[in-house]
Amino acid sequence: MTRVLVTGAGGPAGVAVIRSLQRRGDVEVYAADMDRWASAIYLVPPERRRLVPAGRAPEFVDVVRALCRDDGIDVLYPTVDVELPRLAAARDDLAADGTLLASPTLGTIETCLDKLALARACARTVRVPRTELVGTPEAISGWDFPVIVKPRRGAGSRGVRTVFTAAELDAVHAEEDLLVQEMLPGDEYSVDVLAGPDGQVIAAVPRARLRVDSGVAVAGVTVRDDELVATASAVARAVGLTSVANVQLKRDADGTPALLEVNPRFPGAMPLTIAAGVDMPSLTLDAVLGRPVPERVDFAEIANVRYLEDVFLPVDEVLPAPDGTHVPGGAHAGADAGGA
C-alpha cells in the first residue's frame, strides 16, 4: 500500500484529492489541516487524521516533515497556496526522508503566484492582457477604461476591483504592490492541466463556471474547445509545469483566449474534471512514483451542480483543540469542564 498525506483537508481541493485517492485500492490516505473542524479530515479513519500549524507558521514545514517520517508517507499532496512554495523549497529534504512531493517545482510555483512574473513569462507564447505594476511609469497612461486592479500576489478574487477612470487609477497607491491590467470582455474559463515529470501535457480540461459561491464553482460544465486546450497547454509549457495546475483564461474582444492567472495546485472544482474522465490526482500519484501514465487522456463534456454534504461521527472522534480541550459531550466533557 502507498501512504499519501493530503494537507488542506478543509478546502474543496483537499476533499477532491482525498476522495479520488480513496477510490484506489492501493492507497492509504492520511488527511491534515490546521483546523480540527476541517471536513475531509473525517473522511479518513481516526488513526490517519492529523493537525498541523498554519501554512505561514515558522514550524509548519518541520511539523509536516516529522509527520511524514513518523507515518511513513510516500507521497505528499499540498492543496493550499501558502503551503506550496514552502514545501517545494523542502522537496529534497522530504525526498531524503522518503517522501515525494506531488506539486510543481518551486520555480513554477513562484512564477505562477507572482502575476507580473507570470504575465512576462507567457507574453511571447499566448495572448496576455497588458499588465503593469502600479507606481511605475508604464502604468500611468495608455489605458482603455475600465481596467482591473488586482494584488500582484494572492489567490482568488480577493482585492480585485474595477477602475473606471484615469483619475481613479491615479488614486491607487503603489505601496500595496498592485497590478493594473487590461479588462477583457469575453467569457472566462478554467482549464485544469496535468503535465508529466518531463513537462509533456497529458490532459487539459476546459470548464466554464456557471455559478460561483464564495469563490468556489457550484455549477459548471466541461467544454470541448481546441483553442482553449492549446492555449492552456502552451501556458503550462511556458511555466515549466510538471504536475497539476489550473489555468484561467478569458476571451478578448476578438474572441482570442488570453491568460488571466495560473493556480499551481489542484483546484476546488476538480471533481468535475475527474467525472469527465481525467482523474488528475490518481494520475499524478502514478507519475510521481515513476509508474507508466498515458501520453494523452481525453475528456467528455459533462455538467455538474454541487450541494453541501454532512459527515457524521462519534463525539469522541472529534480531534481536540491545540490546547487539548474537547467538544462538549462525550467521554472527555467532564474533565474539560472541571468535573462540573
Counting only N and O atoms by type, is there a donor-acceptor contact under 3.5 Å from the side chain of R130 to the main-chain atoms of G142?
yes
Around R124, counting heavy atoms of other residues, nucleotides and ligands shown, do more than 12 lie under 6.0 Å from its CZ?
no
Run the salt bridge (charged side-chain N to carboxylate O under 4.0 Å, His left out) test against E110 and tell me which residues pass, sequence neighbours left out.
none
Using only heavy-atom distances, determine whether the side chains of T2 and D74 contain a donor-acceptor pair under 3.5 Å.
no
Under the 6.0 Å and 45° cation-pi test, does R49 pair with Y42?
no
Given the options D93, D62, D97, R69 meets salt bridge (charged side-chain N to carboxylate O under 4.0 Å, His left out) only with D97
Can you tell whether the side chains of D279 and R24 come within less than 4.0 Å, N to carboxylate O?
no
Are D192 and R207 close enough for a salt bridge, meaning some N to O gap below 4.0 Å?
yes
Is it true that, when you exclude D26 itself, more than 12 heavy atoms of the residues, nucleotides or ligands shown sit nearer than 6.0 Å to its CG?
yes
Atom of A203, atom of V297 and distance for their closest heavy-atom approach
CB-O, 3.6 Å
Salt bridge or not for R224 and D298, using N-O below 4.0 Å?
yes
Side chain S20, main chain A16, donor-acceptor under 3.5 Å:
no
Separation between CD1 (I202) and CE (M280), nearest 0.5 Å, reads 9.0 Å
Hey, could you give me the OG1/CG distance between T284 and L194, rounded to the nearest 0.5 Å?
5.0 Å
Roughly how far, to the nearest 0.5 Å, is CZ of R153 from CG of D81?
13.0 Å
Who else is in L260's hydrophobic cluster (ILVMFWY, side-chain heavy atoms under 4.5 Å, direct or via others)?
L184
Short side-chain to backbone donor-acceptor contact, R211 and V305, under 3.5 Å
no
Can you tell me if D33 uses its side chain to pair, donor with acceptor, with the backbone of D35 under 3.5 Å?
yes
Taking D71's backbone N and O only, do any of them form a donor-acceptor pair with R3's side chain (distance below 3.5 Å, no angle check)?
yes
In terms of side-chain geometry, is the basic nitrogen of E227 or R251 positioned less than 4.0 Å from the acidic oxygen of its partner?
yes
CG/L87 to CG/L76 distance, rounded to the nearest 0.5 angstrom?
5.5 Å
N246 and S190: which non-hydrogen atoms are nearest, and at how many Å?
ND2-CB, 3.4 Å
Within this structure, what is the CD-CD distance for the pair E138 and E132, rounded to the nearest 0.5 Å?
5.5 Å
Hey, quick one: are V128 and Y189 part of the same hydrophobic cluster, counting side-chain heavy atoms closer than 4.5 Å, chains of contacts allowed?
yes
Do side-chain atoms of T256 reach the backbone of D252 as a donor and acceptor pair under 3.5 angstrom?
no
Look only at the side chain of T111 and the backbone of V239, and say whether a donor-acceptor pair between them is shorter than 3.5 Å.
no
Does T108 reach the main-chain N or O of G240 with its side chain, forming a donor-acceptor pair under 3.5 Å?
yes
Distance-only, no hydrogens or angles: does the R36 side chain make a donor-acceptor pair with backbone N or O of L319 under 3.5 Å?
yes
Do the charged groups of E182 and R127 touch, with an N to O distance under 4.0 Å?
yes
Give me the atom names and distance for the closest heavy-atom approach of I41 to A31.
CA-CB, 3.9 Å
Would a distance-only check, ignoring hydrogens and angles, find a side-chain to backbone donor-acceptor pair under 3.5 Å from R50 to E47?
yes
Applying a strict under-4.5 Å side-chain criterion to I, L, V, M, F, W and Y, I'd like to know whether V64 and V4 cluster together.
no
Gap between atom CG of L101 and atom CZ of R91 - 0.5 Å precision
4.5 Å
ILVMFWY cluster membership beyond L179 - transitive side-chain contacts under 4.5 angstrom
L116, L133
